[in-house]
Amino acid sequence: MGAAASTTRSTRRRGPADPAAAIIASVSEAVIVTDAARRVTALNPAGARAFGLTEALARGRPLGRLNAELGEWAQRAESADADQPLVFGLDLPPRRSFSATLTPLRSPAGRITGWVVVLQDSELLRQAEQARAEAIQAATHDLRNPINLMNGALSLLDDSLQDAGPAQRECLARLRTGLDRLGDLLDRVLSLDEAAGRPGKAREAVSLGAIARQVVGEMRLLSTEKKIRLEFSGPKAGGQVLAEETWLQRAVSNLVENALKYTPERGRVKVRYHEADGQAICEVSDSGPGISPAAQTRLFERYYRVAGEATRRTPGTGLGLAIVKTIIERHAGRVWVSSREGHGSTFGFAIPLAPAAAAPRLKAARRSR
Ligand code: ADP
């Protein structure tokens with residue numbers, strides 16, 4: 001009784017007045033709150049540590065002065081005017097990786113009144129992912145040779161069994177299908193290495209808008225089979241980016257393929273291309289199952305698949321989004337996701353417009369401000 005009373009007394013003496021503030025102060029994630037003008041109004045100790053500032057020094061600063069990249073993300077989220085949080089990777093000096101979630105605060109009338117930024121340290125996850133990926137990449141390399149040998153032996157067997165019966169033919173066909181599938185999987189794993197490697201072909205000025213439009217055309221058959229309405233929107237004549245065209249096609253098709261794969265029949269998939277602040281931006285939205293906030297922070301990891309019915313029903317390797325991220329980062333770009341369970345998902349990426357195309361556009365944008 002006496003001990004209980006003294007605990008209560010000491011809690012009353014030292015405990016924070018506001019329980020919500022106590023929770024935010026004690027979590028390991030960095031939490032930063034801003035006003036509508038994106039100036040910091042509150043942050044927790046982890047937030048101050050992430051930016052190497054004291055809380056007092058950070059308060060009142062524009063988000064972009066805590067970190068320029070974070071400021072740009074908030075600007076982008078504001079112009080997208082989405083209801084759902086935006087999730088993206090953020091690297092802070094000296095060398096720390098974070099998974100960032102940016103959520104708008106809204107007044108009852110729907111006006112943005114501020115922002116909440118939550119940064120989750122993903123450095124340990126990143127290191128674990130790298131170790132796992134290196135082990136798998138090494139094994140994949142070693143698997144290539146025996147698979148090639150088996151393919152060769154199977155062709156010989158096929159040729160020499162002239163009078164094979166239907167059962168034998170069926171066996172050979174199954175072996176061939178299995179080996180083809182294994183080969184496909186290895187190609188996917190190895191293409192991550194390739195995408196992360198040094199640029200192969202010289203980069204050329206290409207239109208990301210035209211690439212996205214073309215990918216949508218190629219996916220039309222798949223969408224019709226699933227009775228999904230697939231739409232493209234974007235200007236006829238857009239700016240150009242310096243890129244390796246086949247890699248960009250790959251990035252866009254991985255996103256569109258996923259949207260079609262995970263969206264149930266009679267749903268809707270929209271691909272939008274636009275340009276802003278010297279960036280070529282491609283976004284793929286779907287009316288599918290959406291993704292939980294916890295899973296959103298891990299989607300671009302290699303081999304990560306969301307636990308749950310929608311993913312279990314759909315075959316995949318967990319490599320598609322990792323390939324997209326690798327390709328886009330190779331083009332000095334960024335990827336993001338915005339999603340709410342039961343309300344669909346939007347995956348997007350932005351890469352810099354080629355300077356010749358970007359310069360007049362930026363000038364025009366500045367003049368119009
Ligand atoms: P894969 O589709 O081969 O599993 P990805 O890396 O492309 O691998 O995607 C990783 C995971 O993210 C998927 O397994 C799925 O759980 C989830 N996902 C990707 N795109 C969507 C989407 N449009 N809607 C819902 N979930 C998605």
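First listed ligand is number 1; within each ligand, the first listed atom is number 1. We use all heavy atoms of the structure for the numbers below, so side chains are in, but hydrogens, waters and symmetry mates are not.
- One hydrophobic cluster, built from ILVMFWY side chains closer than 4.5 Å, cannot hold both Tyr304 and Phe88; they sit in different ones.
- The 4.0 Å heavy-atom shell around ligand 1 contains residues Asn258, Ala259, Lys261, Tyr262, Asp286, Ile291, Leu299, Tyr304, Arg305, Val306, Thr311, Gly316, Thr317, Gly318, Leu319, Gly320, Leu321, Ser345, Phe347, ordered by chain and number.
- Evaluation of the side-chain contact (heavy atoms from CB on, under 4.5 Å) rule for Pro235 yields Tyr273 as partners, not counting sequence neighbours.
- For the side-chain hydrogen bond (donor to acceptor under 3.5 Å, both in side chains) test, no residue two or more places apart in sequence or in another chain qualifies with Arg76.
- Checked options Leu208, Val241, Leu248; the residue passing with His331 is Leu248 (criterion: side-chain contact (heavy atoms from CB on, under 4.5 Å)).
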Atom pairs and distances, side-chain donor-acceptor, residues 173-181, under 3.5 Å, sequence neighbours left out:
residue	atom	partner	partner atom	Å
Arg174	NE	Glu170	OE2	3.1
Arg174	NH2	Glu170	OE2	3.4
Arg176	NH1	Asn151	OD1	3.0
Arg176	NH2	Ser155	OG	3.3
Thr177	OG1	Ala173	O	2.8

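- Of all heavy-atom pairs between Gln296 and Ile291, the closest is NE2-O, 2.9 Å.
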